[in-house]
Engineer: 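Take a look at this one; I'll ask things after.
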Amino acid sequence: MKIRKIPLRTCVVTKEKLPKQELLRIVRTPDGEIKVDHTGKLNGRGAYIKKDPSTLEKAKKSKVLARYLEVEVPESVYDEIAKALS
């Protein structure tokens, strides 16, 4: 039986390469809106963060999501990410 390749993505905060199932995708849509992408298929510029509350805190302090998505990330989005992580 052939072994399937597991797609790896890089966490923008920790720079770890992890399987997609262990990461959460945050997307800036073409309209400039920021959404949490639970399906992994939303259209737009995406950034992956590790599904870990401490990683979310690091992302908030360093504003790394704002740099990767090239737009200011409102506090409400961080709250939505925190709900998705729990």
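Since the structure is predicted, the reported quantities are computational estimates derived from the model, not experimental observations.
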Engineer: Counting only N and O atoms by type, is there a donor-acceptor contact under 3.5 Å from the side chain of Arg25 to the main-chain atoms of Leu42?
Structural biologist: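 A pair under 3.5 Å: yes.
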
Engineer: Quick one: NZ on Lys2 to NZ on Lys5, what's the gap to the nearest 0.5 Å?
Structural biologist: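 Answer for the NZ-NZ pair, Lys2 versus Lys5, is 11.5 Å.
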
Engineer: About how many Å separate CZ of Arg28 and CG of Leu65, when rounded to the nearest 0.5 Å?
Structural biologist: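 Interatomic distance, Leu65 CG to Arg28 CZ, rounded to 0.5 Å: 12.5 Å.
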
Engineer: With a 6.0 Å cut-off (strictly less than), is the heavy-atom count around NZ of Lys17, excluding the residue itself, greater than 12?
Structural biologist: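 Not more than 12 within 6.0 Å, no.
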
Engineer: Check whether any side-chain N or O of Lys60 sits under 3.5 Å from a backbone N or O of Glu75 as a donor-acceptor pair, and report yes or no.
Structural biologist: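 Checking the backbone N and O of Glu75 against the side chain of Lys60, no donor-acceptor pair under 3.5 Å is found.
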
Engineer: Flag yes if Ile26 and Val71 sit in one hydrophobic cluster, no otherwise; membership is Ile, Leu, Val, Met, Phe, Trp, Tyr, and two members link when side-chain heavy atoms are under 4.5 Å apart.
Structural biologist: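 The answer is yes; both residues are in one hydrophobic cluster.
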
Engineer: Working to the nearest 0.5 Å, report the span between CD1 of Ile6 and CG of Leu18.
Structural biologist: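 The CG atom of Leu18 is 11.5 Å from CD1 of Ile6, to the nearest 0.5 Å.
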
Engineer: From Thr55 OG1 over to Ile49 CD1, what is the distance, rounded to the nearest 0.5 angstrom?
Structural biologist: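 With rounding to 0.5 Å, OG1 (Thr55) is 7.0 Å from CD1 (Ile49).
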
Engineer: In plain terms, say whether Glu22 and Arg9 are close enough for a salt bridge, that is, a side-chain N and a carboxylate O under 4.0 Å apart.
Structural biologist: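 Answer for the salt bridge query: no.
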
Engineer: State, to 0.1 Å, how close His38 and Ala84 come at their nearest heavy-atom pair, and which atoms those are.
Structural biologist: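 Reported closest heavy-atom pair: CE1-CB, 3.6 Å.
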
Engineer: Roughly how far, to the nearest 0.5 Å, is CG of Leu8 from CG of Leu23?
Structural biologist: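 Spacing of CG (Leu23) from CG (Leu8) equals 9.0 Å.
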
Engineer: If you apply the rule side-chain contact (heavy atoms from CB on, under 4.5 Å), what do you find for Lys50 with Val13, and how did you get there?
Structural biologist: CA-CA 8 Å; Lys50 191 175 176 180; Val13 181; over 6 Å; no

Engineer: Can any side-chain N or O of Asp79 pair as donor or acceptor with the backbone N or O of Lys83 at less than 3.5 Å?
Structural biologist: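 No, Asp79 side chain to Lys83 backbone: no donor-acceptor pair under 3.5 Å.
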
Engineer: Rounded at 0.5 Å granularity, tell me how far CG in Asp37 sits from CG in Asn43.
Structural biologist: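 If we round to the nearest 0.5 Å, Asp37:CG and Asn43:CG are 10.0 Å apart.
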
